[in-house]
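Notes follow the structure.
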Amino acid sequence: MTMEFADRVTRVEPSATVAVSNLASQLEADGVDVVDLSVGEPDFDTPQAVVDAGKAAIDDGHTGYAPSKGVPELREAIADSLGERGLPYTDDQIIVTPGGKQGLFETFQALVDEGDEVVLLDPAWVSYQAMVKLAGGTLKRVDLTPHEFQLEPALDELGEAITDDTALVVVNSPNNPTGAVYSETALEAVRDLAVDHDATVLSDEIYDRITYDADAISLGSLDGMGDRTVTLNGFSKAYSMTGWRLGYIAGPDEFVDEASKIQSHSVTCATNFVQHAGVAALEECDDFVAEMRDAFADRRELVVDLFAEEGVDVPIGDGAFYAMVPVADDDQEWCETAIEQAHVAMVPGGAFGAGGYARMSYAASEERLREGVERLADADLL
């Protein structure tokens, strides 16, 4: 028997970031010392307050199904946190999801129909394209690479891309993979275009608490955007909770009603005791976030200096914990050589729509960052 697969599955490729991480893990299992700079995962332990809250929740019996939209305590804490960023969502306008990626998936499934047009800003996180294709949508891409990955200089191109046929615009600031934080002027232009063309905007703000020389502005806080913005956030990055799988989406009542159907018929709910740990993250871990952000800021400067010593000018963003390193035109081949010969794992920029670059995560110790750059130089890859 030969299985026939649905078109929606054959439209997409496996995640490039996961593929590189898997290869690095396999090499490490074979005894190879790999400097893995491919994964978007903080190298800090989950805060003890979160761990203790999770354990206490298990002991208290929070191990069954949770309400599909999330436990009330967490949705209320999220609403309070969003309110501090100028986003006036109520707890009823929030869906707690098992990871931010699930929240994104539900958003695309709820808003994108067969043939619908979605605008992406390149470089863009690899899974946006896959999720649009799974939903049957078509893509328009605005390339920010010529503008040092910033949106403001590309507003003319964005204005040409967004039309009355645009169903959804995806904005990720701070950005993965570039670390760019888009200016208020740029986001106001997104607002104006969305209003003019009656388009919805998905604002992925998963890195909003990891910024350095710029403030991350929430699109939904701008006048006129409250009823046309879906805000995505989560706990993985700011609280070093990647394996806990906890995220959320917030939006207008009608969006939450429809997206909730997808959650209830797929994953049902986020893990009950993990949600209680999430409350502790929001209410008790501001100092942890600040400490981790300060460490990333130091590593950010170190990365720029290390590459400069090798004659490589690396554009560095004001948020997240990534650097886009200019490499050979064939970035896929460069990354394969880097992991095979230098045993340094990075992600090809082409996976994000930025050929000629490789994404480095500097969420690694200073020692490993130094060693990674040294290995690349010794292998004549810089």
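Just so you know, these numbers use all the heavy atoms, side chains as well, and skip hydrogens, waters and symmetry mates. For this chain, numbers begin at 1 and follow the sequence in order.
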*Verify the cluster assignment for Leu222 and Leu158: are they in a single hydrophobic cluster under the rule of side-chain heavy atoms below 4.5 Å apart?*
yes
_Verdict with supporting geometry, Asp43 and Arg299, side chain to side chain contact (heavy atoms under 4.5 Å, CB included)_ = CA-CA 12 Å; Asp43 63 328; Arg299 297 175 194 180; 2.8 Å; yes
*Nearest heavy-atom pair of Ala216 and Thr211: which atoms, and what distance?*
CB-CG2, 4.0 Å
*Would you check if there is a donor-acceptor pair between the side chains of Thr166 and Glu117 at a distance under 3.5 Å?*
yes
*Is the count of non-hydrogen atoms from other residues, nucleotides or ligands lying under 6.0 Å from Glu148 atom CD greater than 12?*
no
*Between the side chains of Asn22 and Gln26, is a donor N or O closer than 3.5 angstrom to an acceptor N or O?*
no
*Can you check whether Ala161's main-chain N or O pairs, donor with acceptor, with Lys140's side chain at less than 3.5 Å?*
yes
*Does any N or O in the side chain of Ser361 come within less than 3.5 Å of the main-chain N or O of Gly40, such that one atom is a donor and the other an acceptor?*
no
*Before accepting this row, confirm whether a basic side-chain N of the pair Arg85/Asp215 lies closer than 4.0 Å to the acidic partner's carboxylate O.*
no
*Give a yes or no answer on whether the side chain of Asp192 reaches the backbone of Ala194 with a donor-acceptor pair at less than 3.5 Å.*
no
*With a cut-off of 6.0 Å (strictly less than), are more than 12 heavy atoms of other residues, nucleotides or ligands near CD of Glu254?*
yes
*Is the closest basic N to carboxylate O distance between Arg370 and Glu367 below 4.0 Å?*
no
*Treat each ILVMFWY residue as a node, draw an edge where side-chain heavy atoms are under 4.5 Å apart, and state whether Val181 and Val289 are in one component.*
no
*Please report the shortest heavy-atom distance between Ala154 and Leu144, naming the atom on each side.*
CB-CD2, 3.5 Å
*Are any of the side-chain heavy atoms of Met346 and Leu376 separated by less than 4.5 Å?*
yes
_Asp287 atom CG: more than 12 heavy-atom contacts under 6.0 Å_ = no
*Do any N or O atoms from the side chain of Asp331 and from the backbone of Gly349 form a donor-acceptor pair under 3.5 angstrom?*
yes
*Which pair of heavy atoms, one from Val344 and one from Gly372, lies closest together, and at what distance?*
CG2-O, 3.7 Å
_Heavy-atom check, side chain of Arg245 versus side chain of Ser236, under 4.5 Å_ = yes
_How long is the straight-line distance from CD1 of Ile249 back to OG of Ser203, given to the nearest 0.5 Å?_
13.0 Å
_Testing the basics here: between Gln275 and Ala270, what is the closest heavy-atom pair and its distance to 0.1 Å?_
NE2-O, 3.0 Å
*Taking everything shown except Glu13 itself, do over 12 heavy atoms lie less than 6.0 Å from its CD?*
no
*Can any side-chain N or O of Asp143 pair as donor or acceptor with the backbone N or O of Thr145 at less than 3.5 Å?*
yes
_Flag side-chain contact, heavy atom, 4.5 Å: Pro174 against Asp318_ = no
*Atom CD of Glu106 and atom CG of Leu111: how far apart are they, to the nearest 0.5 Å?*
11.5 Å
*If you draw a 6.0 Å radius around CG in Asp33, do more than 12 non-hydrogen atoms from other residues or ligands fall strictly inside?*
yes
*Give, for atom CG of Leu202 and atom OG1 of Thr107, the distance between the pair rounded to the nearest 0.5 Å.*
5.5 Å
*salt_bridge(Glu114, Arg11) N-O dist < 4.0 Å*: yes
*Compare every heavy atom of Gly86 with every heavy atom of Pro88, then report the nearest pair and how far apart it is.*
CD-O, 3.4 Å
*Judged by atom type as modelled, is there a donor-acceptor pair below 3.5 Å linking the side chain of Gln263 to the main-chain atoms of Val96?*
yes
*asked:* As an exercise, state the distance from CZ of Phe235 to OG1 of Thr46, rounded to the nearest 0.5 Å.
replied: 12.5 Å
*Counting only N and O atoms by type, is there a donor-acceptor contact under 3.5 Å from the side chain of Ser81 to the main-chain atoms of Ala77?*
no
*Does Phe149 belong to the same Ile/Leu/Val/Met/Phe/Trp/Tyr cluster as Trp125, with side-chain heavy atoms less than 4.5 Å apart forming each link?*
no
_For Asn175, is there any backbone N or O sitting under 3.5 Å from a side-chain donor or acceptor partner on Ser173?_
no
*Check whether any side-chain heavy atom of Pro47 lies under 4.5 Å from a side-chain heavy atom of Glu284, and answer yes or no.*
no
Under 3.5 Å, sequence neighbours excluded: what are the donor-acceptor pairs made by side chains of residues 57-74?
unit_1, atom_1, unit_2, atom_2, d
His62, ND1, His276, NE2, 3.4
Ser68, OG, Thr268, O, 2.6
Lys69, NZ, Asp92, O, 2.8

*Take the angle between the ring planes of Tyr362 and Phe296 and call it parallel below 30°, perpendicular above 60°, tilted in between.*
perpendicular
*Distance-only, no hydrogens or angles: does the Arg8 side chain make a donor-acceptor pair with backbone N or O of Gly136 under 3.5 Å?*
no
*Below 4.5 Å, heavy atoms only, C-beta onward: do Glu371 and Glu374 meet side chain to side chain?*
no
*How about Arg209 and Tyr239: does a side-chain donor come under 3.5 Å of a side-chain acceptor?*
yes
*Would Thr178 and Phe352 satisfy side chain to side chain contact (heavy atoms under 4.5 Å, CB included), going step by step from the backbone distance to the final call?*
CA-CA 10 Å; Thr178 69; Phe352 305 95; over 6 Å; no
*asked:* Please report the interatomic distance CD1(Ile217) to CD(Glu184), rounded to the nearest 0.5 Å.
replied: 4.0 Å
_For the CG atom on Asp164, are there more than 12 heavy atoms of other groups (residues, nucleotides or ligands in this structure) within a distance under 6.0 Å?_
yes
*How far apart are the C-alpha atoms of Arg191 and Asp223, what are their side-chain angles, what is the distance that settles it, and do they pass the side chain to side chain contact (heavy atoms under 4.5 Å, CB included) test?*
CA-CA 8 Å; Arg191 182 266 315 276; Asp223 289 343; 3.9 Å; yes
_Side-chain heavy atoms of Arg228 within contact of Asp198, under 4.5 Å_ = yes
*Under 3.5 Å, is there a donor-acceptor pair linking the side chains of Ser218 and Glu205?*
yes
*Asp213/Arg300 ion pair, N-O < 4.0 Å*: yes
*Which atoms form the tightest heavy-atom contact between Val314 and Val304, and what is the distance?*
O-CG2, 4.4 Å
*First locate atom CG of Leu187, then atom CD of Glu152, and finally report the distance between them rounded to the nearest 0.5 Å.*
9.5 Å
*Is Leu23 linked to Val35 within one hydrophobic cluster, defined over Ile, Leu, Val, Met, Phe, Trp and Tyr using a side-chain heavy-atom separation of less than 4.5 Å?*
no
_Regarding Gln129 and Arg141, do their side chains bring together a donor and an acceptor under 3.5 Å, going by distance alone?_
yes
*Can you check whether Ile210 reaches Phe321 side chain to side chain, under 4.5 Å on heavy atoms?*
yes
_Step-by-step side chain to side chain contact (heavy atoms under 4.5 Å, CB included) determination, Val373 to Met360_ = CA-CA 10 Å; Val373 176; Met360 164 191 272; 4.3 Å; yes
*Do Phe255 and Val112 share a hydrophobic cluster (ILVMFWY, side-chain heavy atoms under 4.5 Å, transitive)?*
yes
*Decide if atom CZ of Phe307 counts as having more than 12 heavy atoms of other residues, nucleotides or ligands within a radius under 6.0 Å.*
yes
*Under 3.5 Å, is there a donor-acceptor pair between the side chain of Glu301 and the main chain of Asp298?*
no
*Does the side chain of Tyr128 reach to within under 4.5 Å of the side chain of Asp204, using non-hydrogen atoms?*
yes
*asked:* Determine whether the aromatic ring centres of residues Tyr207 and Tyr322 are separated by less than 6.0 angstrom.
replied: yes
